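Chain letters run A, B, ... following the sequence lines, proteins first and then strands; every chain starts at 1. No experiment lies behind these values; they were computed from the predicted model shown.
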2 protein chains.
Amino acid sequence: MTTKTKTKAASKLPLNQIIDGDCIEVMNSLPAGSVDLIFADPPYNLQLRGDLHRPDNSKVDAVDDAWDQFSSFAAYDKFTQDWLKAARRLLKPNGAIWVIGSYHNIFRVGAALQNQGFWVLNDVVWRKTNPMPNFRGKRLTNAHETLIWASKEEASKYTFNYDALKVLNEGIQMRSDWVLPICTGHERLKNEDGDKAHPTQKPESLLHRILVATTNPGDVVLDPFFGTGTTGAVAKKLGREYIGIEREEAYRKVAAKRLSKIRKFDKESLQVTPAKRSEPRVPFGQLVERGMLNPGDELYSMNNRHKVRVRADGSLIGDDVKGSIHQVGAHLEGAPSCNGWTYWCFKRDGKKVPIDLLRQQIRAEMAERPN
Amino acid sequence: MTTKTKTKAASKLPLNQIIDGDCIEVMNSLPAGSVDLIFADPPYNLQLRGDLHRPDNSKVDAVDDAWDQFSSFAAYDKFTQDWLKAARRLLKPNGAIWVIGSYHNIFRVGAALQNQGFWVLNDVVWRKTNPMPNFRGKRLTNAHETLIWASKEEASKYTFNYDALKVLNEGIQMRSDWVLPICTGHERLKNEDGDKAHPTQKPESLLHRILVATTNPGDVVLDPFFGTGTTGAVAKKLGREYIGIEREEAYRKVAAKRLSKIRKFDKESLQVTPAKRSEPRVPFGQLVERGMLNPGDELYSMNNRHKVRVRADGSLIGDDVKGSIHQVGAHLEGAPSCNGWTYWCFKRDGKKVPIDLLRQQIRAEMAERPN
DNA sequence: ATTCTATTTGAATCAGCTG
DNA sequence: GCAGCTGATTCAAATAGAA
């Protein structure tokens, strides 16, 4: 739901800023329960593939030294647990988090999320259209990265704009595998030397889909590993409030410059296809009160197998059953539930018409004359 | 490397058999360092809540078997660590393991693999062509499962048939995302009642690719969660030796019957027919995500009679209509349908350009780097 | 036989409001 | 917090049945 009025906690937030500092310390300094969504692109722990060094700087000879290996994973796990804990504290009860990673770190991140009480909603595969090949031919082309989408807790009523995503995917429900190109060309930020400004800049298309899917305009989106600010750029375009945390001066500078040039899309274009669930509820009885249907009128089931009559209070009566449009439909079909609105029809000029048409009429009137 | 002569350890192995028992106990009874590859499809620990019905009110046949139930994450982790430890002992120094899972368990499996010293080589995404939809519209369609491929240790000289996989993939390096259908139709084994013999039977195509990629003829392949024996069936066809462990009598019976009917392929029939590929579908929303069009941009109809604006989810909005590029076109023309791709134009340098041009651009990119 | 239509089904952590 | 009621929701592929 769109937050028009800021909550007390949110009013203290440093919105649309890039904060300098260690993300754990910064997050702990912000008010608890104030953020709608966190997007995190943490370090992938790639150093594990290189040489391992002991604290005294001597090189670990072989990796048959299980203790050293474990200690290295343990350090990464500690770091992961700490920033996730700080992130979870910041989230509103219905808040959610996205984390992106590769096989080097995503298993440890996923397990830590579950251990801390986050509730995994989906894992999403970003399938790269143009990945870097495996030059040595020793493994499969590493052509994807993994994202985890999790709510703060199992009971959270997380935001998911199902219908908007279905439209985005040409009328078919969005899947857990997303085909998107990596960040290249004009979108890839360069520093003064012409080198890429950040080694792992994510494409805006990825953040676009994430923010359209799991936030609403006005929501607060925090990114603890802000980098060049892709999360902020897309959030600003889409009319979401962002908070970026980044400890590297160079990245903050690039991100600030980038964000200053971004303009928000106009308000109307930010509207997405609304969920049917959000439409106003119309009691069936109102159709009778308004004379659109009359007591005694006959209704026919969609499959023509059943006939019932309307009563003055908006209940239905059949041969051996009475109750609401839903209850009677469910009973006659032997089904656990039934949407009476789409199940029952009346006859107009000899033709069967779903009663939902009458509901749509009422809703159209309500939209014309609100309240 | 092809093992022509069996090692001392391997000579004691019960090859091409299905062993009755708990997989941990059985593995511990077999000689250490004797197996080339392990494929494991362990319980996923799904943690399903209530019943789920399709929109047509039919009930989804859930995986509610006792073998998938664990009392806690800790219990599942203990189980995972135990069977992985037994598996690792069995592997030859250059051996490797594949484990398949979903977001419910794969993070815990992956972390346990790393903690025990296995060396992750790739994570592979099985993208299902025909997954079960998300019936309630509350999440993304869970359209993939994840496999982890890991060698026994970092120093292992694991088997990887790079060129065979490249041929299998029409001359292009095999990627980490594999598009394969789920197991249905004739391949899906039934019991006497005509019900599916196992709730989670994997497709032979998946095992085929795994065994072609990471074993050689004559290699010993062990599956500690044998189920209906897909691993054994494909191994036998491909001339690999298999060992199956399964504690459920019913599954062993089905698997034994299945395996008795399998014949090893002759070399010629090992050639596989490459899948034909049709023009990929490009959702209009992808043009918005990728910034080729922006929310708020105006589109003009081919006949210049209508003007609409693009929204963030890839829907269009006109004076009194909103929906997909096809829906809005059809509505404005009073036509039953409309190809929005050829109907709508945008302006570039003052000239009208059909949006289909942008789709062609994306398809050209996809064709450059197919699959 | 052939074509078209209807039905079935698959590793699924699948609701939200009112009283 | 709980009980009870309302009412929103599916894609691809194989198979079965009808024309």
Determine the contact category for Asp356(A): base if any of its heavy atoms lies under 4.0 Å from a base atom, sugar-phosphate if only primed atoms, P, OP1 or OP2 are that close, otherwise nothing. nothing
Respond yes when some side-chain nitrogen or oxygen of Lys196(B) is under 4.0 Å from OP1 or OP2 of dG10(C), and no when none is. yes
dT6(D) glycosidic conformation (syn if within 90° of 0, otherwise anti) is anti
What I want to find out is whether Arg188(B) reaches Glu204(B) closely enough, with some N-O distance under 4.0 Å, to be called a salt bridge. no
Among Trp178(A), Phe118(A), Trp98(A), the one residue meeting ring-ring contact (aromatic ring centres under 6.0 Å, His included) with Trp149(A): Trp98(A)
Distance in angstrom units between Asn339(A) CG and dA15(C) C1', rounded: 13 Å
What is the distance from CG of Asn94(A) to C1' of dG16(C), rounded to the nearest Å? 12 Å
Using a heavy-atom cut-off of under 4.0 Å over every strand shown, decide if Gly340(A) touches base, sugar-phosphate, or nothing. nothing
By nearest-nucleotide position on DNA chain C, the 5'-leaning member of Tyr158(A) and Gln201(B) is Gln201(B)
Length of the NZ-C1' vector between Lys59(B) and dA12(C), whole Å: 13 Å
Touch class at under 4.0 angstrom, heavy-atom based, for Asn45(B) against every strand present: nothing
Complement of dG7(D), any strand, by Watson-Crick or G-U distances under 3.5 angstrom: none
Establish, with yes or no, whether the OP1 or OP2 oxygen of dG16(C) is under 4.0 angstrom from a side-chain nitrogen or oxygen of Lys138(B). yes
In whole angstrom, give me the gap between the C1' atoms of dT13(C) and dA12(D). 23 Å
Assess whether a salt bridge exists between Asp51(B) and Lys59(B), defined as any Lys/Arg side-chain N lying under 4.0 Å from an Asp/Glu carboxylate O. yes
Going by the angle between their ring planes, with limits at 30° and 60°, are Phe284(A) and Trp341(A) parallel, tilted or perpendicular? perpendicular
In whole angstrom, give the distance that lies between atom NZ of Lys202(B) and atom C1' of dA11(C). 6 Å
Give me each pair satisfying salt bridge (Lys or Arg N to Asp or Glu O under 4.0 Å) with a member in residues 302-316 of chain A, each pair once, sequence neighbours excluded. Glu298(A)-Lys307(A), Glu298(A)-Arg309(A)
In whole angstroms, the gap separating C1' of dA15(C) from CZ of Arg139(B) amounts to 12 Å
Take Glu365(A) and Arg290(A) through the test salt bridge (charged side-chain N to carboxylate O under 4.0 Å, His left out) and record every step on the way to the result. CA-CA 13 Å; Glu365(A) 286 173 32; Arg290(A) 290 186 170 213; 2.9 Å; yes
If I take atom CG in residue Asn57(B) and atom C1' in nucleotide dT9(C), what distance separates them, rounded to the nearest angstrom? 16 Å
Any-strand Watson-Crick or G-U partner of dT2(C), both distances under 3.5 Å: dA19(D)
Heavy atoms under 4.0 Å, any strand shown: does Pro203(B) hit a base, just sugar-phosphate, or nothing? nothing
Can you label the angle between the Phe79(B) ring and the Phe70(B) ring as parallel, tilted or perpendicular, going by 30° and 60°? tilted
May I ask you to say whether Glu279(A) pairs ionically with Arg359(A), meaning some side-chain N is under 4.0 Å from a carboxylate O? no
According to a strict under-4.0 Å criterion, is Lys276(A) in side-chain N/O contact with OP1 or OP2 of dT9(D)? yes
Close approaches to DNA chain D from residues 312-338 of chain A, in residue order (heavy atom, under 4.0 Å): Ser324(A), His326(A), Gln327(A), Ser337(A), Cys338(A)
Take atom CZ of Arg108(B) and atom P of dT13(C), then tell me their distance rounded to the nearest Å. 17 Å
Salt bridge check, Glu249(B) against Arg252(B): does any charged N sit closer than 4.0 Å to a carboxylate O? yes
P atoms of dT9(D) and dG10(C), separation to the nearest Å: 25 Å
Side chain of Ser58(B) only, please: which of dT13(C), dT9(D), dT9(C) is the nearest? dT9(C)
Take atom P in dG19(C) and the same atom in dG7(D), then report the distance between them in whole Å. 13 Å
Provide the Watson-Crick or G-U wobble partner of dA13(D), both distances under 3.5 Å; none if there is no partner. dT8(C)
How long is the line joining CG of Leu52(B) and P of dA11(C), in whole Å? 14 Å
Reading nucleotides 10-19 of chain D 5' to 3', which nucleotides get B (base under 4.0 Å from a protein heavy atom), which S (sugar-phosphate only), which -? BBSSSS----
For dT10(D) versus dA6(C), give the span between their C1' atoms, rounded off to a whole number of Å. 16 Å
Please confirm whether the ring centroid of Tyr300(A) lies under 6.0 Å from the ring centroid of His306(A). no
Applying side-chain hydrogen bond (donor to acceptor under 3.5 Å, both in side chains), run through Asp177(A) and His144(A) and close with a yes or a no. CA-CA 10 Å; Asp177(A) 52 328; His144(A) 74 275; over 6 Å; no
Gap in Å between the two P atoms, one belonging to dA8(D) and one to dT18(C), rounded: 14 Å
